[in-house]
Structure formats: C-alpha cells, structure tokens
**Q** 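Take this structure, written in structure tokens, and hold onto it; I'll ask about it next.
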Number of protein chains: 2
Amino acid sequence: MAIKTKATEAPALPLNDILSGDCIEVMRGLPDASIDLIFADPPYNLQLKGELHRPDNSKVDAVDDHWDQFSSFAAYDKFTREWLAEARRLLKPNGAIWVIGSYHNIFRVGASMQDAGFWLLNDVVWRKSNPMPNFRGKRFTNAHETMIWASKSEGSRYTFNYDALKALNEGTQMRSDWLLPLCTGHERLKDANGDKAHPTQKPESLLHRVLIGSTNPGDVVLDPFFGTGTTGAVAKMLGRNFIGIEREEAYRKVAAKRIARVRTLDASALETAGSKRAEPRIPFGHLVERGLLRPGEVLVSPRGTTAKIRADGTLAGDSVAGSIHQVGAAYEKAPSCNGWTYWHFRRDGKTIPIDSLRQQIRAEMNN
Amino acid sequence: MAIKTKATEAPALPLNDILSGDCIEVMRGLPDASIDLIFADPPYNLQLKGELHRPDNSKVDAVDDHWDQFSSFAAYDKFTREWLAEARRLLKPNGAIWVIGSYHNIFRVGASMQDAGFWLLNDVVWRKSNPMPNFRGKRFTNAHETMIWASKSEGSRYTFNYDALKALNEGTQMRSDWLLPLCTGHERLKDANGDKAHPTQKPESLLHRVLIGSTNPGDVVLDPFFGTGTTGAVAKMLGRNFIGIEREEAYRKVAAKRIARVRTLDASALETAGSKRAEPRIPFGHLVERGLLRPGEVLVSPRGTTAKIRADGTLAGDSVAGSIHQVGAAYEKAPSCNGWTYWHFRRDGKTIPIDSLRQQIRAEMNN
DNA sequence: GCAACTGTTGAATCATCGT
DNA sequence: GACGATGATTCAACAGTTG
C-alpha cells in the first residue's frame with residue numbers, strides 16, 4: 001500500500017510522463033522550484049480572415065484550430081500571465097525558460113515575461129531555410145520565428161553550455177540567429193489519414209540546440225504545450241527528464257508513441273566539450289544537430305579504426321576524444337588530419353565519407 | 001510680411017528640416033494625417049549594471065547616456081505609449097511605421113503598438129554580419145536587432161514595393177531576415193575628439209532598404225529620434241522628404257552638416273522595378289475591337305479545352321459563358337483564374353498566350 | 001541506377017477597382 | 001459603403017514517378 005503523502009510534503013514529480021489537462025491547472029498541481037528548464041510553444045493567436053490560395057489555386061492549410069482562438073488581446077494577455085506565473089513558480093531558483101512565438105504574439109509574451117519577473121537573457125531568431133513564401137506579394141516572406149530565453153530572476157545562475165554550443169558552431173561562439181529547416185519529410189508526424197498530425201510541429205534540431213545549450217543530463221524539462229512531444233523526444237534522446245502537459249488526447253497519443261521509440265544515448269555520447277577543449281574548425285556538429293548523423297553512431301577510418309559520435313559533435317575514440325580532426329590525427333600519430341575526408345559512416349552497407357554530408361548542408365545554407 | 005495662419009488651418013509641414021525639442025511635444029505641433037512613413041529608433045532602455053571589459057581588459061564603450069535611462073518598465077511604457085499615440089495621429093490613413101529595438105525594449109514597444117491600434121505587418125530581423133561578441137561567454141552573441149513594420153490601421157493600404165525589393169534580392173522575394181553590416185568605418189560619424197558622434201548610429205543600408213520598400217519618391221518620412229540623421233540622409237538621397245526631431249543640439253549639428261553634403265539621385269536612378277498592378281487595364285474586348293482576335297475564333301487552355309470568342313469580348317465555353325476569367329475559373333473549378341495567362345490563340349501553327357496581345361497594346365499606348 | 005521531372009507542402013493576421 | 005468583376009501572385013525541400 002502506498003504511503004499517504006502528508007499535506008506538508010511536496011507532491012511527487014511525475015517524470016517522463018505526459019500529463020492530461022489544461023496546462024495552467026496541471027501546473028498548479030506541481031511543486032514549487034522543481035523544474036530546471038521550461039520550453040513553451042504557446043498558441044500564437046493568429047487572426048486569419050478568409051482562405052488563402054497559392055498562385056496555382058491550391059488552398060493553404062492554415063492554423064484554424066480552436067486552441068489558437070482568443071477573443072481579444074486582453075483575453076490572450078490574461079491567459080499568458082496565468083501560465084507564466086505558474087511556470088515561474090515551478091522553476092528552481094537557477095532555472096530558465098524558452099518561449100517561442102511569431103510577431104502575432106511574441107511582443108505580448110515578452111512584455112508579460114518581463115512584468116512577471118523573468119530576466120531576459122537573449123532573444124534568439126529561428127531563421128527558416130525553407131519558409132512558406134508570401135503568395136500575394138504584399139509583405140516580406142515570414143521567414144523566422146522568435147524565441148525568448150530568460151532566467152527565473154535577475155540573479156539566477158542559469159545553465160549555459162558555452163563550449164558545447166561553440167563546438168556546434170565551427171568554433172566561434174553561437175549567435176542569436178539560428179538557421180534551421182522546418183520540420184518536414186519523414187520527421188513530420190502524420191495521422192491515420194496521412195495528414196500532418198499537428199499543425200505546428202517543431203523540428204528536433206531546434207530542441208537539440210536548446211537542450212544542449214541550457215540543460216545538463218538528468219535535468220528536468222517541462223513543456224506545458226507538449227503537442228506531439230518534440231521536447232520530450234529530444235529530452236529523452238539526450239538523457240534529460242521531461243514532463244509534458246497536453247490538453248488534446250489525439251496529440252498525447254501521437255507523442256507517447258513517438259517517445260516510446262526514442263532510445264537514450266549512452267553516457268559517452270552525452271559527454272560534451274569541456275571548457276579547455278580546442279576549437280574545431282569545421283561545423284561537424286551541424287550534421288548531428290540536423291540528424292544526418294546520430295550521436296552514438298560509429299565512424300570508420302580508412303584503416304578500419306573507429307570512433308563514436310557524441311551529442312555535441314565531438315568524437316570519442318580509443319583513449320582520446322575531441323574533434324574529428326584531433327581524433328584522426330591521434331589515430332594516425334600525425335600532427336594534423338583532415339577529419340572530413342578521414343572519417344566515414346555506413347549506410348545500407350556502403351561506406352561514405354562524412355564530407356558528402358557537409359556538402360549537402362552547404363548546398364542548403366547557400367540558399 | 002507673412003500671412004498669419006488662421007487657427008482653423010492646419011499648421012504647415014516643415015519639410016526637410018530638423019526640429020529641436022522633445023519628440024512628443026514637437027509632434028504635438030504637427031498636423032494630423034500628414035506623414036507617409038515614420039522610422040523610429042527610440043531609446044532601448046538598456047539595463048547595464050557596471051562596466052564591461054574585453055578579454056584584453058579594454059573597456060567597452062557602452063550606451064550609458066542619460067536619454068537611455070528610465071526608472072522602471074512603467075516609466076518606459078508611459079513614454080512609449082505617448083510617442084506612439086502622437087506618431088499614429090500624424091500618419092496618413094495609409095501610412096506606416098517602422099520601429100527598431102533590441103530584446104530590452106522591443107517586446108514592450110510591440111505590445112504598445114498593437115494596443116495603440118497599429119496593425120503589425122511583419123517583424124524584420126536585422127542580422128549583423130559583424131556583431132560585438134559576448135565577451136563573458138555567458139550568453140549568445142547578440143547578433144541581431146528587431147524591427148517592427150506596421151500600418152496605421154488594420155485596413156490601411158500601405159506602400160510595399162514588392163518588385164523593387166525582389167529585384168534587390170536577386171529575383172526572389174525579400175525575406176524577413178536581412179543580413180547587413182554595422183555602421184563602421186568612414187560611414188561612422190566622429191566628433192571633434194575622433195570619438196563616435198552617436199552611440200547607436202544605424203547603417204544607411206538599413207534605411208535604404210526600408211525606404212525603397214515602403215515609400216515612393218516625394219513621400220514625407222518622419223524620424224522622431226533623429227540622432228545623427230541617417231534617416232534624413234538616405235531620404236534625401238532617394239528623393240523622399242524628411243522631418244527630423246532631435247533633442248540634443250550636438251546631434252542636430254552633426255546631422256545637419258551630414259545631410260547638407262548629400263546629393264539627391266537624379267530621376268532615372270530613382271526608378272525602381274515596376275509592378276504589373278500599376279499597368280493600365282486593358283479590357284479583353286479591346287483585342288477583339290482592334291481586330292487582333294476575331295469573333296468566332298477559338299481559344300485554347302493549357303489543358304486543351306477550348307472556348308469561342310464572342311463579338312462583345314466574352315467567351316462561350318461548354319455550358320458556361322462569361323469573361324475570360326470566369327470561363328477559365330469554371331473550367332478549372334477554381335475560385336479564380338487569370339484569363340490573360342490561361343488562354344492561348346493559334347497563329348501559324350504556334351500557340352500564343354493572349355497576354356502577348358495585351359502587352360502589344362500597352363506598348364503602343366506608351367508611344 | 002541515376003537524372004530529370006512532377007506534384008505537394010509549410011504557424012499567413014496575403015487585393016483592388018469601378019459601379 | 002457594399003458589391004461584383006478583374007487579375008496578380010511562390011520558395012525550398014522532399015517524395016514519387018518517368019525516362
């Protein structure tokens with residue numbers, strides 16, 4: 001028989017679970033100062049009028065879901081203040097929050113965050129490499145969304161894995177603008193009819209960078225607008241604990257099934273660059289972030305030696321760890337080594353140089 | 001002797017001049033609905049605590065001017081609401097505004113703009129190609145600033161030179177993220193001591209794109225936080241009128257001297273890529289009237305379906321008759337159809353779009 | 001097998017003129 | 001102001017098929 005929790009004890013934290021219900025009410029049932037990081041993708045409050053057609057007359061499948069409807073700015077502000085207040089209560093003193101939005105809502109959200117006592121650290125722009133164009137030629141292509149990163153309070157000693165992010169970014173410090181593609185193709189979850197399961201599914205590459213940069217393994221990450229569970233899937237893969245809150249049963253089911261398939265990376269893949277590591281000169285980390293190579297995957301050299309990919313784009317080899325170049329040089333007992341041509345990965349029985357993936361990304365980035 | 005202005009008359013608009021004083025008070029003296037575009041670079045309300053040093057121990061020359069000091073968010077909001085209210089009153093019904101800021105102030109400004117009745121059109125990110133790094137390694141490089149573009153009201157028919165911007169962007173439509181360098185080198189104005197004349201001088205390239213995209217030659221552009229007059233300099237160069245408001249005499253003097261040196265481009269240089277929407281309308285019946293197409297002649301669609309031309313310039317198709325657009329839409333079961341590009345006629349075995357005949361007539365009209 | 005081509009799609013506050 | 005007619009307008013990525 002379970003021991004009854006005394007009223008004075010904090011309620012237990014339901015780790016790695018998807019909680020059902022309205023996020024404000026559910027958060028009220030969670031204990032103070034228990035969460036390391038919150039990632040929130042709240043409704044954007046889009047105010048679409050009629051239908052929109054492409055030049056070829058096909059209809060744009062817009063976000064017209066009931067959960068995105070608010071009667072006024074005042075109603076949206078009230079909702080925002082309420083969930084932000086609970087979110088802030090749940091954060092540990094050194095906890096932090098990320099909130100994503102578009103120009104429809106992000107200014108109201110950002111002002112409410114400042115009013116609630118959050119301390120803004122950066123706004124980060126997600127630049128979409130493949131945004132939907134503006135079909136009528138009346139405005140600029142809406143090619144980005146904005147994320148606000150804030151600590152619980154002005155004095156918080158928030159987590160920021162500066163060197164891991166620097167390693168992900170060619171050895172120069174990570175900027176406030178991130179170029180990443182939309183969630184499309186096989187990553188985009190489909191329902192039974194083959195339609196998109198959720199209208200606003202975020203790419204895993206975005207959450208990868210957020211979680212690598214502002215959490216450590218074992219941290220507790222809360223997503224109060226869980227949707228199809230991108231936050232949970234990436235958190236599980238990276239060895240973080242997650243708590244999801246989602247109102248719609250259909251989304252919860254899709255998310256649970258998705259997360260069940262995710263395997264947590266083993267400890268060696270989760271090690272990230274220490275602060276004294278030398279700078280890699282090549283953005284090998286982008287291949288990992290983008291899912292072209294998996295953390296934990298093994299690379300092979302021309303002589304058959306191997307090394308394992310870690311989540312921040314460094315390699316762990318036999319008694320040596322570091323950039324693709326450093327591990328290659330160590331294996332060859334050479335002063336230097338071009339890791340791009342030295343290392344290969346396996347696909348469908350073939351051995352392919354990792355440089356082919358770099359070229360693939362470069363082609364996309366040039367656009 | 002100057003004729004005295006009656007109280008009922010609108011005060012005259014002081015074009016191409018720098019007005020001295022507090023921007024809210026000066027704006028109160030300007031007439032309603034007289035301005036085409038406002039560009040505003042208000043104080044950012046930076047909240048710097050101590051001094052910041054680079055890794056080499058040199059001191060960063062931060063913005064610590066008295067005009068950037070506000071006692072609280074409430075004080076900043078009050079200031080923001082007041083200048084925005086005046087700005088909106090001054091705009092013509094189809095006028096628009098750009099406001100630039102950073103994460104310290106832009107969320108409060110954006111929310112105040114929505115509350116004041118401005119209709120947000122886009123947020124545009126200025127990505128700095130050469131930002132100042134984060135010296136402490138505690139945050140992301142602050143590599144961008146945010147601009148909000150908004151019309152006076154929801155229904156405003158704001159200016160947007162889509163084709164000119166598309167031409168500026170190598171033929172694809174302009175996105176909401178702009179990569180431009182900081183204002184440095186010879187463009188950066190210096191004072192008598194050789195120090196920068198203003199701490200936040202904006203690059204002319206930024207204003208160039210703003211003014212090309214959202215004004216036409218002869219428009220009146222107001223900048224209520226004129227500083228060293230980048231808005232005025234670019235407006236003059238591009239053949240737009242400007243009104244600047246600046247409180248600090250030192251900045252006014254630098255700006256006046258700077259603008260006096262600017263030469264307006266001649267008319268041919270000011271022409272930009274034109275829009276098809278601006279072309280004169282040609283009724284399809286004119287082609288029949290002019291004998292370019294004969295009544296009874298058969299037009300062909302891309303899918304091979306046909307319709308017969310009638311003497312009044314309408315088409316008779318299978319079980320439907322009407323304009324070239326209506327019959328095309330009916331054939332395609334589409335909500336609309338551009339008949340000019342949809343229908344083709346035959347000459348000498350070739351299939352030619354009827355739009356080529358319209359262009360022929362337009363060319364004749366221009367002679 | 002590979003290149004070329006076709007079709008689909010993504011958080012969107014997406015028109016203007018004459019009567 | 002309401003209403004109907006005109007007619008301008010898309011980029012990148014991916015999947016699937018054709019040659």
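Every heavy atom of this structure was used, including side-chain atoms; hydrogens, water molecules and symmetry mates were not. Per chain, numbering begins at 1; letters A, B, ... match sequence-line order.
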**Q** Please report the distance separating the P of C/dC14 from the corresponding atom of D/dA5, rounded so that it comes out in whole Å.
**A** 24 Å
**Q** Find the runs of at least 3 consecutive base pairs, i with j, i+1 with j-1 and so on, that include DNA chain C, using Watson-Crick or G-U wobble geometry with both distances under 3.5 Å.
**A** C:2-10 with D:11-19, C:15-19 with D:2-6
**Q** Between atom CH2 in A/Trp67 and atom P in C/dA11, what is the gap in whole Å?
**A** 11 Å
**Q** At their closest point, which heavy atom of B/Ile148 faces which heavy atom of B/Met113, and how far apart are they?
**A** CG2-CE, 3.8 Å
**Q** So, does B/Asn338 get its side chain near the phosphate of D/dA8, meaning an N or O under 4.0 Å from OP1 or OP2?
**A** yes
**Q** In this structure, how many angstroms lie between the C1' atom of C/dG10 and the NZ atom of A/Lys59, rounded?
**A** 14 Å
**Q** Looking at every strand, decide which applies to A/Glu187 at a 4.0 Å heavy-atom threshold: base, sugar-phosphate, or nothing.
**A** nothing
**Q** Considering only C/dA12, C/dC14, D/dC11, which nucleotide approaches the side chain of A/Arg136 most closely?
**A** C/dC14
**Q** Is there a side-chain contact between B/Ser323 and the phosphate of D/dT6, meaning an N or O under 4.0 Å from OP1 or OP2?
**A** yes
**Q** Tell me: CD1 of B/Ile282 to C1' of D/dA5, nearest whole Å?
**A** 17 Å
**Q** Separation of B/Asn169 atom CG from D/dA12 atom C1', in whole Å?
**A** 14 Å
**Q** Base, sugar-phosphate alone, or nothing: which one does B/Pro283 contact when heavy atoms must sit under 4.0 Å apart?
**A** nothing
**Q** Give the minimum heavy-atom separation between B/Ile100 and B/Ile106, together with the two atoms involved.
**A** C-CD1, 4.2 Å
**Q** For C/dA11 versus D/dA15, give the span between their C1' atoms, rounded off to a whole number of Å.
**A** 23 Å
**Q** Quick check: any donor-acceptor pair below 3.5 Å linking the side-chain of A/Ser102 to the base of C/dA12?
**A** no
**Q** Assign B/Cys337 to base, sugar-phosphate, or nothing according to its heavy-atom contacts below 4.0 angstrom with the strands shown.
**A** base
**Q** With nearest nucleotide decided by heavy atoms, which residue, A/Lys138 or A/Lys128, maps closer to the 5′ end of DNA chain C?
**A** A/Lys128
**Q** May I ask you to say what A/Asn134 touches in the nucleic acid, namely base, sugar-phosphate or nothing, with a heavy-atom cut-off under 4.0 Å?
**A** base
**Q** Please state the P separation for the pair D/dA8 and C/dT9 - nearest whole angstrom.
**A** 27 Å
**Q** Would you call the rings of B/Trp340 and B/Phe284 parallel, tilted or perpendicular, taking 30° and 60° as the class edges?
**A** perpendicular
**Q** Would you classify A/His186 as touching base, sugar-phosphate or nothing, given that sugar-phosphate means primed atoms plus P, OP1 and OP2, and contacts are heavy atoms under 4.0 Å?
**A** sugar-phosphate
**Q** Any base atoms under 4.0 Å from A/Asp41, or only sugar-phosphate, or nothing? Heavy atoms, all strands.
**A** base
**Q** Identify whether any heavy atom of B/Leu120 sits under 4.0 Å from a base atom; if not, whether one sits that close to sugar-phosphate; answer base, sugar-phosphate or nothing.
**A** base
**Q** Quick one: label B/Arg358 by what it contacts on the DNA or RNA (base, sugar-phosphate, nothing), any heavy atom closer than 4.0 Å.
**A** sugar-phosphate
**Q** Which part of the nucleic acid, if any, lies within reach of A/Gly50 when heavy atoms closer than 4.0 Å are counted: base, sugar-phosphate only, or nothing?
**A** base
**Q** When we call it a touch if two heavy atoms are under 4.0 Å apart, what does A/Glu145 touch: a base, just sugar-phosphate, or nothing?
**A** base
**Q** Please tell me if B/His325 has a side-chain N or O lying less than 4.0 Å from either OP1 or OP2 of D/dA5.
**A** no
**Q** Might you confirm whether atom NZ of A/Lys49 has over 12 heavy atoms from other residues, nucleotides or ligands at distances under 6.0 Å?
**A** yes
**Q** Could you tell me how far apart B/Glu332 (CD) and D/dT9 (P) are, to the nearest whole angstrom?
**A** 19 Å
**Q** Salt bridge check: are A/Asp223 and A/Lys202 linked by an N-O gap of less than 4.0 Å?
**A** no
**Q** What integer distance in Å separates A/His198:NE2 from C/dG10:P?
**A** 13 Å
**Q** So which of residues 155-168 of chain B are in contact with DNA chain D, with a heavy-atom cut-off of under 4.0 Å?
**A** B/Tyr162, B/Lys166
**Q** Considering just the side-chain nitrogens and oxygens of A/Arg188, establish if one lies under 4.0 Å of OP1 or OP2 belonging to C/dA11.
**A** yes
**Q** Looking at every strand, decide which applies to A/Pro203 at a 4.0 Å heavy-atom threshold: base, sugar-phosphate, or nothing.
**A** nothing
**Q** Given the P atoms of D/dG7 and C/dG10, what is the spacing between them in whole Å?
**A** 32 Å
**Q** From CZ of B/Phe284 over to C1' of D/dG7, roughly how many Å is that when rounded to an integer?
**A** 14 Å
**Q** What's the shortest heavy-atom distance between A/Asp191 and A/Lys196, and which atoms?
**A** OD2-O, 4.2 Å
**Q** In whole Å, I'd like the distance from the CD1 atom of B/Ile354 to the P atom of D/dG7.
**A** 10 Å
**Q** Polar atoms only, N or O, under 3.5 Å: list the protein pairs with nucleotides 3-9 of chain C and their distances.
**A**
none

**Q** Can we say B/Asp163 and B/Lys166 salt-bridge, meaning some charged N sits less than 4.0 Å from an Asp/Glu carboxylate O?
**A** no
**Q** Remember a base hit wins even if backbone is also touched, and classify B/Lys276 as base, sugar-phosphate or nothing at under 4.0 Å, heavy atoms.
**A** sugar-phosphate
